[in-house]
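Down below is the structure, laid out as structure tokens.
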Amino acid sequence: MVNQQIIGDRDTALSADDLAALREDLHEQRLFRREQLQQLTAAPVPGAGAPLDEVRAKLAASARMVLADVEAALARMDRGTYGTCHLCRGPIDRVRLTIVPQARYCARCQHVREAGA
């Protein structure tokens with residue numbers, strides 16, 4: 001029988017294989033974002049001008065935010081708190097984590113946060 005870490009019902013249950021796949025995905029995302037940041041923060045393109053520099057700065061800021069989210073998700077995995085919503089403390093659906101492995105909030109709480117922004 002496969003070892004399972006049960007976080008909730010069958011929509012939220014994460015098996016050891018699920019966690020391993022999600023961890024691998026997060027490691028790949030971390031590598032991608034680090035490479036992206038290296039490219040975006042490399043020496044500016046001569047003659048590119050302020051608009052391109054502004055776009056590069058915004059892309060770099062976005063990449064830094066995603067990288068921070070990925071690093072935080074990996075830390076939650078290490079602490080054993082991965083898959084728990086930061087607001088309601090309920091489980092985050094397995095499908096949501098498969099789509100957004102660095103998710104901090106369940107779909108309901110994420111919707112509430114976005115509506116209040």
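Keep in mind that this is a model prediction, so the values were computed, not measured. We're numbering straight along the sequence, starting at 1.
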Tell me if a side-chain donor or acceptor on [X] pairs with a main-chain N or O of [Y] at a distance below 3.5 Å.
{"X": "R56", "Y": "A42", "result": "yes"}
{"X": "D18", "Y": "S15", "result": "yes"}
{"X": "Y82", "Y": "P101", "result": "yes"}

Please report the shortest heavy-atom distance between [X] and [Y], naming the atom on each side.
{"X": "L26", "Y": "A73", "value": "CD1-CB, 3.9 Å"}
{"X": "Y105", "Y": "H86", "value": "CE2-CB, 3.6 Å"}
{"X": "A60", "Y": "L37", "value": "O-CD2, 3.4 Å"}

- Message: Once side chain to side chain contact (heavy atoms under 4.5 Å, CB included) is applied, do any residues pair with A72, and if so which ones, sequence neighbours excluded?
- Response: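 R76, R104.
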
- Going hydrophobic residue to hydrophobic residue with side-chain gaps under 4.5 angstrom, can you get from V95 over to V100?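 The answer is yes; both residues are in one hydrophobic cluster.
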
- Task: Step by step, work out the side chain to side chain contact (heavy atoms under 4.5 Å, CB included) result for T41 and R64.
- Result: CA-CA 11 Å; T41 58; R64 278 188 205 94; 3.7 Å; yes

- Between K58 and D53, is there a salt bridge with N-O shorter than 4.0 Å?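 Result for this pair is no, no salt bridge flagged.
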
Please tell me if the side chains of [X] and [Y] come closer than 4.5 Å, counting only heavy atoms from C-beta onward.
{"X": "L22", "Y": "L14", "result": "yes"}
{"X": "C106", "Y": "C88", "result": "yes"}
{"X": "D78", "Y": "R23", "result": "yes"}

- Do R108 and H111 have side-chain atoms, one donor and one acceptor, less than 3.5 Å apart?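 Looking only at side-chain atoms, H111 and R108 do not form any donor-acceptor pair under 3.5 Å.
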
- Query: Would you say the side-chain atoms of R113 and Q110 include a donor-acceptor pair closer than 3.5 Å?
  - Reply: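 R113 vs Q110: no donor-acceptor pair found between side chains.
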
Interatomic distance, [X] atom [atom1] to [Y] atom [atom2] [nearest 0.5 angstrom]:
{"X": "R34", "Y": "Q39", "atom1": "CZ", "atom2": "CD", "value": "15.0 Å"}
{"X": "D93", "Y": "C85", "atom1": "CG", "atom2": "SG", "value": "10.5 Å"}
{"X": "F32", "Y": "L67", "atom1": "CZ", "atom2": "CG", "value": "11.5 Å"}
{"X": "E35", "Y": "L40", "atom1": "CD", "atom2": "CG", "value": "12.0 Å"}
{"X": "D25", "Y": "I99", "atom1": "CG", "atom2": "CD1", "value": "11.5 Å"}

- Query: Passes side chain to side chain contact (heavy atoms under 4.5 Å, CB included), R33 versus V70? Steps please.
  - Reply: CA-CA 9 Å; R33 294 301 175 179; V70 167; 5.5 Å; no

